[in-house]
Amino acid sequence: MDSPTQNTSLQRLQNVEKRIIRVLELAGGVMDELANPTGPRKEFINNHCREFMKMIKDIQVTLRDEIKSACEYRPFEKCDYSSRISNEICCKKLEYVLSQLDAMKQTIDEYQATI
Amino acid sequence: MAFYYRTSLRGHIYQSINPEILRAKWTFPFYISEFRNAETGLLFLGLNSKFFLQIFRENKNMDGNLEISLDKLPIKRLDSIEENGVERYPSDSSYDEKRVSLIRRIDFAWAVEDDEERERKKRQKKSSKDASATWQWQSMVENLQLAHQELSVIIDLINTVEANDAVTVAGMTRPKPLPNEVLSDLAVSAATKLQCYRQLGKYFKQSAKALEEQIAREARFYGALIRLQQNWKVKRQRLAAAASSSEGFIIDLFDNSLYDSAAMCRPSSLSTIRVDHDSAGMLAINLPPNSCRSLHFGFLGVHSADIPKELGKIRTRGSVEQHTREHEKESMSDDEYIKETHTLLREVHQSIFDDQVFEMLNREAFNQSIGVNVTGIRENYLQLSIGQGNTLFISLVPSSKGDDQDAANTQDSESAIVPLDSFDNVKFEEGKHGTPKRKWGFPNRTSCEIYLQQIVHEHAFVKAKDKPNLSGTRVSGQSGKDGPGLLGHFCLSLAHRIFSNRVLVELENVVCRVPYLHLMTHPTWHSQASSWTIFLKVPQSILHAESQSLKSDFQNMKDAVKSQFRTKVVVNDDRINVEGEGAPNVVSLFKRSSENISSVNKYECDLADLPVIILLQAASQVICWLHEEALMVGIKTNRDFLCLTFELEQGDTVSLVAHVNPEDIKGGIAWWLVMEDGSTDDWKLQMDMYDGASEYRKFLGHLTLDVLYSTLMDLVSLCGGGRNH
């Protein structure tokens with residue numbers, strides 16, 4: 001069920017969450033760099049800020065897509081509980097038949113052993 | 001009143017003395033304000049009264065003389081008088097001004113001079129002492145001390161000013177910053193900003209980490225919830241979410257797509273299950289132990305030794321989970337945990353269904369339908385009688401751990417309420433039949449349970465168009481006057497099954513003793529009808545011999561003797577119908593033709609008479625076959641029901657007589673050879689065993705068909721040879 005590809009919207013939303021974490025980490029990194037007593041390195045800050053903005057854009061795009069494509073909530077149109085019960089009953093029948101077959105096999109084995 | 005005062009000149013701290021103490025000491029009943037120089041011990045006492053302002057000076061170092069100086073009274077003195085006589089007074093100074101003027105008038109000149117003298121002395125001393133070994137931080141320490149003193153004075157003054165609203169600070173001017181102060185302020189603010197940045201950075205990183213953890217936890221929870229949602233209905237209650245700490249998810253196990261909604265509309269308390277979080281934030285479902293119940297079926301007086309494996313497997317899982325979940329959580333992966341949760345939900349779902357089944361059965365039981373006879377009832381226990389002394393019970397037992405507990409429940413419920421008549425019948429049954437028959441009599445209780453669940457499910461839950469099209473098992477759900485309801489149908493089916501088992505036992509007993517009879521069971525696909533066929537087969541060896549002698553003439557194939565005789569036994573509910581071929585047909589007796597008109601007898605019988613009937617039927621079929629064989633070889637024989645008669649010369653007759661005895665262990669059909677002389681024609685001689693004068697009997701025993709055939713051929717040859725030989 002858990003497909004490694006990013007096709008399911010659940011996977012995409014999880015990626016959005018990961019991006020948000022990454023964005024926070026970048027912000028923290030930028031702040032730390034600014035607090036550098038020898039002064040911030042420009043390239044470092046530029047890279048981080050660029051990545052930050054890119055991630056924000058990605059997040060925004062993904063969320064917009066997901067919100068647009070989210071379908072209406074249809075509650076439980078087809079409930080399969082009764083067929084589930086049928087299946088349970090069939091499982092029980094199967095187990096019973098298996099036990100009967102096992103008993104038959106045992107009888108055959110005993111009979112052949114006594115021959 | 002006590003306050004500190006700092007002169008702008010020097011910075012000495014003047015400490016005040018509590019006027020009460022002084023008052024007590026000096027017993028001056030006036031308002032006193034005083035100052036004391038902490039260093040020199042000078043006491044300045046101001047008496048604000050109508051008397052003079054007296055200043056006492058107390059000097060420890062001096063020779064103890066008290067010097068007093070006086071000042072004039074602060075009374076209103078005339079300022080000026082104008083020409084018209086109006087007196088001008090100086091304007092009243094406010095209280096503040098008075099205080100300030102008082103403060104100003106304190107003359108510290110002498111103290112200042114003294115201090116200057118003393119300092120000069122000290123410096124001389126110090127410089128004379130150690131000019132070289134001055135501590136490099138001394139000046140800084142002194143400056144800090146001075147600054148500290150000044151600051152504390154200011155703070156105290158401000159506090160006093162604040163506390164005492166009669167004196168307010170008019171304004172303060174910011175001191176002009178020194179040049180290095182500007183830079184140091186800048187440095188301080190820059191450092192503060194950097195500090196803030198650092199804190200902000202740390203805050204961001206911390207929140208990133210916390211968010212990551214929370215996302216991981218929630219991903220686990222919601223991942224599990226989504227997987228559960230594929231199979232179960234997950235709903236959310238927002239109000240409950242606001243109240244409790246969890247998000248308010250519930251799993252709804254109630255099936256609202258019922259066929260007959262009027263029948264069962266009460267959702268049980270189990271049907272909504274709350275989804276909780278466990279300690280690690282993962283999904284957890286907490287059920288009270290023994291909350292799941294399952295349907296249990298049994299026959300009274302029959303202890304089923306075979307407790308199926310499923311009982312141990314499934315029933316223990318629900319409650320075992322509660323205990324081992326905490327221990328095994330770490331070792332179980334999420335997949336396994338979700339599978340176990342699925343299993344738990346399955347159990348609960350089944351339990352709800354079993355509850356509904358039981359409720360429906362109860363309702364049916366009290367609708368007085370056909371075939372239902374309630375003989376006992378308890379909580380979660382229903383006992384029915386299904387005729388012929390058999391009693392069954394249906395109960396709801398909690399899915400508990402261990403089978404011994406289950407057996408205890410069963411025994412408890414069985415022994416508790418047993419109506420007297422059925423119990424006697426059960427005992428009577430035990431006495432009548434042996435133990436093997438006892439086990440055979442009753443169908444397996446598991447299969448009955450399954451059957452019960454299935455018919456209830458099909459009736460109540462499956463819509464009419466989805467029902468499987470089995471003609472035999474169509475059950476009319478309505479317990480009307482004309483047809484039995486579900487429970488009635490079930491009871492009737494079970495009664496039939498028990499009865500047909502007994503029939504089968506009897507048939508098998510008969511068939512296994514006679515070697516040329518074969519029993520075949522036919523499935524009828526109807527729960528209240530059973531059918532068997534007993535074949536009497538002529539062995540192939542005889543047939544081959546015949547076909548060889550007849551040179552496989554196709555013309556004669558039609559005239560071939562029947563090699564198989566059938567007897568059909570059909571049981572409907574508890575009525576037995578026997579149909580058999582091969583009985584003597586009056587018409588064919590008169591025809592010498594080889595048409596095989598075999599009539600079929602149909603009659604009903606009881607269980608007790610069944611073996612005899614079968615054996616009689618078989619025996620007559622053998623006679624019929626022998627008759628046909630004899631006709632094939634051209635000998636005229638007379639056939640009676642159980643007797644085949646050959647005519648010899650001189651009117652003597654030789655008969656093969658069949659004797660049927662179902663109690664005979666060696667075989668059911670015994671043969672006698674009876675020879676009579678022609679004088680008697682009395683059939684009643686067959687009954688008379690000891691009339692040796694006119695007949696001779698020989699007991700042949702239990703013969704196979706081969707032997708019978710050869711016996712027949714011998715008799716044929718005895719009769720003077722066949723025409724075809």
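Here is how names work: the chains are called A, B, and so on, in the same order as the sequence lines, proteins then strands, and each is numbered from 1.
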With rounding to the nearest 0.5 angstrom, report the CD1 to CD distance, B:I215 to A:E17.
4.0 Å

Is there a side-chain contact between B:Q453 and A:E88 in this structure, where contact means two heavy atoms from C-beta onward sitting under 4.5 Å apart?
no

Find out whether A:Y81 and B:W232 are in side-chain contact, i.e. whether some heavy atom of one side chain is under 4.5 Å from a heavy atom of the other.
yes

Find the one option among A:I85, A:V30, A:V97 whose heavy-atom pairs under 4.5 Å with chain B are most numerous.
A:I85

Cut-off 4.5 Å, heavy atoms of chain A, and the answer for B:N231 is both

Check step by step if side chain to side chain contact (heavy atoms under 4.5 Å, CB included) holds for B:F353 and A:I89.
CA-CA 11 Å; B:F353 173 67; A:I89 294 177; 4.3 Å; yes

What's the separation between atom NZ in A:K93 and atom OG1 in B:T446, rounded to the nearest 0.5 Å?
14.0 Å

With sequence neighbours excluded, what pairs up with B:D355 under the side-chain contact (heavy atoms from CB on, under 4.5 Å) test?
B:R293, B:S351, B:L396

Most contact-rich option vs chain A, by heavy-atom pairs under 4.5 angstrom, among B:S207, B:A219, B:S447, is B:S447

Please report the interatomic distance OH(A:Y96) to CD(B:E449), rounded to the nearest 0.5 Å.
11.0 Å

With a 4.5 Å limit on heavy-atom distance, are the side chains of A:M31 and B:Q199 in contact?
no

Residues pairing under salt bridge (charged side-chain N to carboxylate O under 4.0 Å, His left out) where one sits in residues 28-50 of chain A, two or more places apart or in two chains, turn out to be A:D32-B:K205, A:E33-A:R41

CD of A:Q100 to CG of B:N444: how many Å apart, nearest 0.5 Å?
6.0 Å

Nearest 0.5 angstrom please: A:S86 OG to B:E458 CD, how far?
8.0 Å

Start with the C-alpha distance between B:H457 and A:S82, add both sets of side-chain angles, then the distance that settles side-chain hydrogen bond (donor to acceptor under 3.5 Å, both in side chains), and finish with yes or no.
CA-CA 8 Å; B:H457 179 69; A:S82 60; 5.3 Å; no

For residues 12-41 of chain A, which residue pairs pass the ring-ring contact (aromatic ring centres under 6.0 Å, His included) check, not counting sequence neighbours?
none

Heavy-atom side-chain proximity of A:L24 to B:K209 below 4.5 angstrom:
no

Can you tell me how far the CD1 atom of A:I21 sits from the CD atom of B:Q214, to the nearest 0.5 Å?
9.5 Å

Under 4.5 Å, counting heavy-atom pairs only, tell me which of A:K18, A:E25, A:Q14, A:R22 racks up the most with chain B.
A:E25

Identify the residues of residues 187-198 of chain B whose heavy atoms come closer than 4.5 Å to a heavy atom of chain A, ordered by number, or report 'none'.
B:L194, B:Y197, B:R198

Other residues, nucleotides and ligands only: do more than 12 of their heavy atoms fall within 6.0 Å of OH on B:Y203?
no

